[in-house]
Structures are given as structure tokens and as C-alpha cells.
Amino acid sequence: MLTPGLRLALAIASFILGAYLLVTGDYAGVPFLGGAAYLGYSYFRFGTGWLAFRQVALGNMEPAAKLLQKVKQPEQLGSEQRAYFELASGLVCASRTENARAEKHLQTALDHQLRTENDRALCEAVLAQLLVARDELKQARQVIARAVTRDCRPAIAARIKALHEQLAAPSAAAPGA
């Protein structure tokens, strides 16, 4: 699958070339305009998950939720688009304290192809926090142990380290926890 930025760039280039050809009297521009229309459609159809993730990253949860609702069949998305759709959905649900739904979305995001270690670490950190809130400490320790090994931004690394230390402390005091 093409990335949303590349898809948009190709749509614009195809539109410009198609329009130029039509203006000069060459009907070979028609397929270029058709291609531009398809690429533009696919940008908005499949790029919505990316746009929603960007809104989440900016802290705009309501606009992100509206963008996520526009994806009618997320199971038809490619692995990478599905991963970011699920990650954005999980973060929106977590912000609304819909923890069970958030866990499901975040787990699904981890099952798909997140582009960066940073995004995967973020997903694992939030999932671990949700598991701690549900008192699933053993599972939270497993998730945070994977997250702590990832190369990520300092803010996320600090969040992971703090959660890792928090989860490590009870295990020393109570081995059965």
C-alpha cells in the first residue's frame, strides 16, 4: 500500500498532468484524471486512520473520534493502516475511560504493523497502564518488559521506566503478585 502522503502527491501530479493533456487537446489526459480521482478517494478513504492518529498525537480526541468513525470497515485496511487506526481508537477510548475497549484496540494495534519502535512502545505503555488499572499485574509486567527494551522518545521512555519500576516494586514485596 502507498503511504497517504505519497498517495496524495501522486493524485496531485496525476491531476496536473491530466488537466494539462486535456487542455492541449490530448485525450490521454482522461486516464490521468481518473487515476487522480481514485488516488484522491483512497487518500481520504484509507488515510483517515493516519489523520486520526495525528489528531490524537496533538491531544485532539474529539476530532480524532470523528475521523475514526469515518472508517466503515477497518478490517479492510492494510496492516499498517489498521495498526494506526487501532492505536488511535485505543487512545481515544482510554481518554474516555472506556478501558475494556481501549485494551482491545491496543492489543489489535500490537498485532499489526506499527511503523516505529516509538509507536509500539507508546502502545505497550498505555496497554500496561490499563492492565494495572484492571489489576492484571502479571500481564502488565509482561507488556512493560517488552516496552522497556524499545528505543523511543525520552518522554515515553520516562513513562515506561516509571511504570516498570512501579510494577517491579510490588513483585519484590509480594512474590505471588
Within-4.5 Å side-chain heavy-atom neighbours: [X] and [Y]:
X	Y	result
Glu62	Arg96	yes
Glu86	Asp111	no
Arg134	Leu130	no
Val71	Gln76	no
Val148	Lys161	no

Kindly work out whether a path of hydrophobic side-chain contacts (I/L/V/M/F/W/Y, heavy atoms less than 4.5 Å apart) joins [X] to [Y].
X	Y	value
Leu17	Tyr38	no
Phe15	Val30	yes
Leu110	Leu167	yes

Ignoring hydrogens, what is the shortest heavy-atom contact between [X] and [Y]? Give both atom names and the distance.
X	Y	answer
Ala128	Leu163	CB-CD2, 3.6 Å
Ile144	Ala125	CD1-CA, 4.2 Å
Leu87	Ala109	N-CB, 3.7 Å
Ser79	His112	O-CB, 3.4 Å
Leu114	Ala83	CD2-CB, 3.7 Å
Met61	Ser95	CG-OG, 3.6 Å

Between atom [atom1] of [X] and atom [atom2] of [Y], what is the distance when rounded to the nearest 0.5 Å?
X	Y	atom1	atom2	answer
Gln139	Gln142	CD	CD	6.5 Å
Ile12	Ile16	CD1	CD1	7.0 Å
Gln107	Leu127	CD	CG	5.5 Å
Arg101	Asn99	CZ	CG	11.5 Å
Gln129	Glu103	CD	CD	12.0 Å
Ile160	Cys152	CD1	SG	4.0 Å

Mind running side chain to side chain contact (heavy atoms under 4.5 Å, CB included) on Glu75 and Arg82 for me, showing each step along the way? CA-CA 7 Å; Glu75 62 278 353; Arg82 178 75 185 268; 3.8 Å; yes
Side-chain donor or acceptor of Thr149 paired with backbone N/O of Arg146 under 3.5 Å: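 Side chain of Thr149 to backbone of Arg146: a pair is present.
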Without swapping roles, check the side chain of Arg153 against the backbone of Asn118 for a donor-acceptor pair under 3.5 Å.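 No, Arg153 side chain to Asn118 backbone: no donor-acceptor pair under 3.5 Å.
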Check ring-ring contact (aromatic ring centres under 6.0 Å, His included) between Phe53 and all other residues, then give those that pass, not counting sequence neighbours.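 Scan of Phe53 (ring-ring contact (aromatic ring centres under 6.0 Å, His included), adjacent residues dropped) gives Tyr84.
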Salt bridge (Lys or Arg N to Asp or Glu O under 4.0 Å) with Arg150: which residues, sequence neighbours excluded?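 With neighbours one apart ignored, the set is Glu117, Glu124.
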Check the pair Val126 / Arg159 against side chain to side chain contact (heavy atoms under 4.5 Å, CB included), numbers first and verdict last. CA-CA 9 Å; Val126 174; Arg159 185 178 188 180; 4.0 Å; yes
